[in-house]
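Here the structure is a predicted model, which is why all the values come from computation and not from measurement. Scope of the values below: all heavy atoms of this structure, side chains included, with no hydrogens, waters or symmetry mates. Every chain is numbered from 1, with letters handed out A, B, ... down the list of sequences.
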There are 2 protein chains.
Amino acid sequence: MDTDEARVRLLDAAEELFYERGIQAVGIDELRSTSGVSLKRLYQCFPAKQQLVEEYLRRRDDRWRARLAAYVTEQGVPPEDRVLAVFDWLRTWFDEPNFRGCAFVNSYGELGATEPGIAEVVRAHHAAVRDYLAGLVADLQVREPGELGEQLWLLVVGSATGAAITENAAMAGRARATAQLLLTAARR
Amino acid sequence: MDTDEARVRLLDAAEELFYERGIQAVGIDELRSTSGVSLKRLYQCFPAKQQLVEEYLRRRDDRWRARLAAYVTEQGVPPEDRVLAVFDWLRTWFDEPNFRGCAFVNSYGELGATEPGIAEVVRAHHAAVRDYLAGLVADLQVREPGELGEQLWLLVVGSATGAAITENAAMAGRARATAQLLLTAARR
DNA sequence: TAGCCCAGAGAACGTTCGTTCCCCTATAGT
DNA sequence: ACTATAGGGGAACGAACGTTCTCTGGGCTA
């Protein structure tokens, strides 16, 4: 196994374990045994656990947003329905068996106050999501597109967190209905 | 210092420290020095850290909801404005200098997956908030009051989490505007 | 074949943390 | 005044964790 493969296996293991149980609950030893990467190579790829954590979050950010954007684009629907498609995709996400809320919200709650690096990655993720929503809204004829984008983001965050705590994927539908309302109200 | 006073001082210290920095980031030693309670009495009051954590969350649940309910009642406004007053109170909460999001969402992200007792307290808190909102909605003439209550809860959770991550209290205003929209749309 | 280097396995180290134990003092009851 | 007891301070313990070190084997080169 070369260095690149080790990196991937480590990040795969990190994603699975950190998301499922939290960051501090997963030790280096478990990452090693799950990934099958030796300790020496692990520290060669990531000289400290914190770096692996931040890489894990960055990669998850990329992939999560890519999955969302791909789904929305694939629908091939007009701009307003693209916004609603975001919430349709959330529903499929909430339905995944290992869904446990937004990894960034969870990480922020766990380590945002102590590890500035993590707080920064979390903020960057959510800023990117807000930008994405703002981009969708920019194609619409609405009053105050900026405000609408922020409100939609609020629905995304709220439904993800709410669905995790209640273990009820129906939260996506409620967020979608609310988004629908925001869209028609903002139309001009 | 008697046992009762020690309990209060410990819970006060726990609230301050756990909320500010996270649960695992705060050790028994710091709780001891901050509260001024001796180790022996600490373990007399709470035989394990986990019990102190759960008590902290339960007390915070009580107090948080009491503060919210008191504010809403004090406004002396008609039912529909009482719902909006919830978001006015959120704004004052977000503006508090040590605001760091919903303690229950944070605790859930940190320990919800590993400590079932904590997950339970978190769910109980959010269920109680949903019940409170459902009570406010029950006084209104709306279609599907249950659904409206859930949507309002989604806005509360989303704005609290969003305000914490962006460090921007204006999230309360956006949630309020969205709630306003939900109210007028549901009116019958 | 001999020498060299890299990688893997896992022992070892130092620290931190929750929890327990020990010792000393101060006080209350007789 | 003497003893019994509870409480405070803090050392000690055992486990867990992140990180480093050591030993060993295997493949590559001269």
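- Counting to the nearest Å, the P atom of D/dT19 and the CG atom of A/Leu31 are 11 Å from each other.
- In this structure a side-chain-to-backbone donor-acceptor pair under 3.5 Å is missing from A/Arg91 to A/Gly173.
- For the 3.5 Å distance criterion, the side chains of A/Arg123 and B/Thr166 fail to qualify, holding no donor opposite an acceptor.
- B/Arg59 places no side-chain N or O within 3.5 Å of a backbone atom of B/Glu15 that could act as its donor or acceptor partner.
- Counting only residues at least two apart or on different chains, the ring-ring contact (aromatic ring centres under 6.0 Å, His included) pairs with a member in residues 128-163 of chain A are A/His126-A/Trp153.
- For B/Glu120, the CD atom sits in a loose shell: 12 or fewer heavy atoms of surrounding residues, nucleotides or ligands are nearer than 6.0 Å.
- Here the range on DNA chain C touched by chain B, meaning any atom under 4.0 Å from one of its heavy atoms, is C/dG18 to C/dC22.
- Few gaps surround CD on B/Glu96; more than 12 heavy atoms of other groups in view lie less than 6.0 Å from it.
- Defined by atom type and a distance below 3.5 Å, a donor-acceptor pair is present between the side-chain atoms of A/Glu54 and A/Gln50.
- With hydrogens and angles disregarded, no donor-acceptor distance shorter than 3.5 Å links the side chain of B/Arg9 to the backbone of B/Arg32.
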Summary of protein contacts for nucleotides 5-12 of chain D, nucleotide by nucleotide, where a base hit scores B, a sugar-phosphate-only hit scores S (4.0 Å, heavy atoms): --BB--B-
